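Notes for the one structure printed next.
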Amino acid sequence: MASVIDLAPSILSANFAQLGADAKAALAGGGTVLHLDVMDGHFVPNITIGPPVVASLRKTIPDVTFDCHLMIENPDDLIPAFADAGCNWISVHQEACRHLDRTLHLIEHHGCKPAVVINPATPVHTLDEVLDIVHHVLVMSVNPGFGGQTFIHNALSKMKQLARIRDERRLNFRIEVDGGVAMDTVVDVVRAGGEILVAGSAVFGHGDIAGHARRLLEAARSAKLTCT
Ligand code: DX5
Ligand code: ZN
């Protein structure tokens, strides 16, 4: 199945004192989706942003897809607020959802595309019963909570497995990857089937945000051309 590559800059590594400007620079460099990491200090050992920050970003960036990655306990309680704030895609962790099917339908009910995330220690087969109702599957290639961690290579075999299952079952979900995506890993990630590439420190961590986004996206798209 032909697919496009999307670069989803993760604002976690942006300068939060100038969030709008940093996000716009990443989009100017070719970012096609803005990845918003929401952490509650319980599901993961860190705290980030809530619906008011998303709503402010939405005012300054009206047209880009907001990809909201919820790393929180009890996501059902906050899904309506994140949808109202302007998110387009909302992903929840398999590990955080007692009633995953219900939660994914709740996201859809609030007008967003539902997606599911798995941590490095969670096997792909735990998603068998929801693959037909998700817009994408997000494979974590680090343990969630922080930017700038080292890529965990088992994510590659999980992405390949997902691509194979999608073919066999003739499904349509996309494959997203998050954590340690950078110039030294992006070729392997794309060859393994990654289509929506989340990148935080590789885009925001070294100055010239637009330039780093552009080079990463170019590397990803050329890797895609050589593997199709
Ligand atoms: C980590 C977050 C990621 C993070 C990735 O829990 O989900 O989106 O920003 O950061 P990098 O790209 O620096 O690994
Ligand atoms: Zn994320």
Side-chain angles (χ1 to χ4, degrees), residues 5-16 19 22-23 25-27 29-50 53-54 57 65-73 75 78 82 87-96 112-122 134-156 158-159 174-190 194-207 209 212-213 215-217 219-220:
I5 297 287
D6 278 302
L7 176 64
S10 160
I11 60 162
L12 186 62
S13 294
N15 178 346
F16 275 53
L19 194 48
D22 276 15
L27 298 169
T32 39
V33 169
L34 200 63
H35 185 81
L36 307 175
D37 287 303
V38 176
M39 305 185 186
D40 65 352
H42 294 280
F43 181 68
V44 290
N46 199 358
I47 297 176
T48 56
I49 61 168
V53 175
V54 177
L57 273 174
T65 296
F66 279 8
D67 170 27
C68 179
H69 175 191
L70 293 182
M71 287 162 274
I72 62 176
E73 304 282 2
L78 283 169
F82 279 104
C87 295
N88 304 101
W89 303 348
I90 296 182
S91 58
V92 290
H93 273 257
Q94 185 272 358
E95 305 86 2
C112 296
K113 302 280 189 201
V116 66
V117 193
I118 47 172
N119 279 335
T122 304
V134 292
H135 171 263
H136 61 274
V137 174
L138 171 48
V139 176
M140 289 307 300
S141 40
V142 296
N143 288 293
F146 303 95
Q149 301 182 79
T150 303
F151 186 86
I152 297 175
H153 281 81
N154 81 344
L156 298 175
K158 289 159 88 172
M159 284 187 277
R174 300 184 70 200
I175 300 172
E176 181 173 33
V177 57
D178 184 2
V181 176
M183 290 304 274
D184 59 339
T185 52
V186 72
V187 172
D188 287 344
V189 160
V190 169
E195 298 159 331
I196 306 162
L197 313 180
V198 178
S201 49
V203 169
F204 293 103
H206 316 280
I209 295 169
H212 282 100
R215 284 187 285 279
L216 190 59
L217 185 58

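Model, not experiment: these values are computed from the prediction. The basis for the numbers below is simple: all heavy atoms, side chains too, and nothing from hydrogens, waters or symmetry mates. Atoms within a ligand are numbered from 1 in the order they appear, just like the ligands themselves.
The closest protein non-hydrogen atom to atom 5 (C) of ligand 1 is Asp178 OD1, 3.5 Å. For atom 11 (P) of ligand 1, the nearest non-hydrogen atom of the protein is Gly148 N, 3.7 Å. Remark: minimum distance from atom 6 (O) of ligand 1 to any protein heavy atom is reached at Gly145 N, 2.7 Å. Among protein heavy atoms, atom 10 (O) of ligand 1 sits closest to Gly147 CA, 3.5 Å. At the shortest separation from atom 13 (O) of ligand 1 among protein heavy atoms lies Ser201 OG, 2.6 Å. Scanning all protein heavy atoms for the shortest distance to atom 2 (C) of ligand 1 gives Asp37 OD1, 3.4 Å. Nearest to atom 9 (O) of ligand 1 among the protein's heavy atoms is Ser10 OG, 2.7 Å. Counting protein heavy atoms only, atom 14 (O) of ligand 1 is closest to Gly180 N, 2.8 Å.
Shown are His93, Gln94, His135; of these, the side-chain contact (heavy atoms from CB on, under 4.5 Å) with Val116 is made only by Gln94.
Contact record, Pro75 with Ala96: CD-O, 4.0 Å, taken as the closest heavy-atom pair. Taking both residues in full, the closest heavy atoms of Pro45 and Pro144 are given as CD-O, 4.3 Å, listed atom of the first, atom of the second, then distance.
The shortest N or O to N or O distance between Gly200 and ligand 1 is under 3.5 Å.
Using a distance-only test at 3.5 Å, with no hydrogens or angles considered, a donor-acceptor pair links the side chain of Lys158 to the main chain of Pro120. When atom types are taken as modelled, the side chain of Asn119 and the backbone of Asn143 share no donor-acceptor pair closer than 3.5 angstrom. A donor-acceptor pair under 3.5 Å links the side-chain atoms of Thr48 to the main chain of Met39, judged by distance alone. At distances below 3.5 Å, not a single donor-acceptor pair connects side-chain atoms of Asp178 with backbone N or O atoms of Val198. Panel note: side chain Thr185, backbone Gly180; a donor-acceptor pair is recorded below 3.5 Å. No donor-acceptor pair closer than 3.5 Å links the side chain of His212 to the backbone N or O of Phe204. Not one N or O on the side chain of Asp22 forms a donor-acceptor pair closer than 3.5 Å with the backbone of Ile11.
Protein contacts to the Zn ion (ligand 2) involving N, O or S atoms at a distance below 2.8 Å are His35 NE2, Asp37 OD1, His69 ND1, Asp178 OD2.
No hydrogens or angles considered: nothing links the side chains of Asp67 and His69 as a donor-acceptor pair under 3.5 Å. When only modelled atom types and interatomic distance are considered, His136 and Glu176 share a side-chain donor-acceptor pair under 3.5 Å. A donor atom on one side chain and an acceptor atom on the other are found under 3.5 Å apart for Asp37 and Ser10.
Residue Ala202 places no heavy atom under 4.0 Å from ligand 1. For the pair Phe146 and ligand 1, a heavy-atom separation below 4.0 Å is found.
Atoms of ligand 1 found under 4.0 Å from any heavy atom of Gly179, numbered from 1 in the order shown, are 14 (O). Per-residue contacts place His69 under 4.0 angstrom from the following atoms of ligand 1 (heavy atoms of the residue considered): 7 (O). Near Met39, meaning under 4.0 Å from any of its heavy atoms, are these atoms of ligand 1: 6 (O). If you number the atoms of ligand 1 from 1 as listed, the ones under 4.0 Å from a heavy atom of Pro144 come out as 6 (O).
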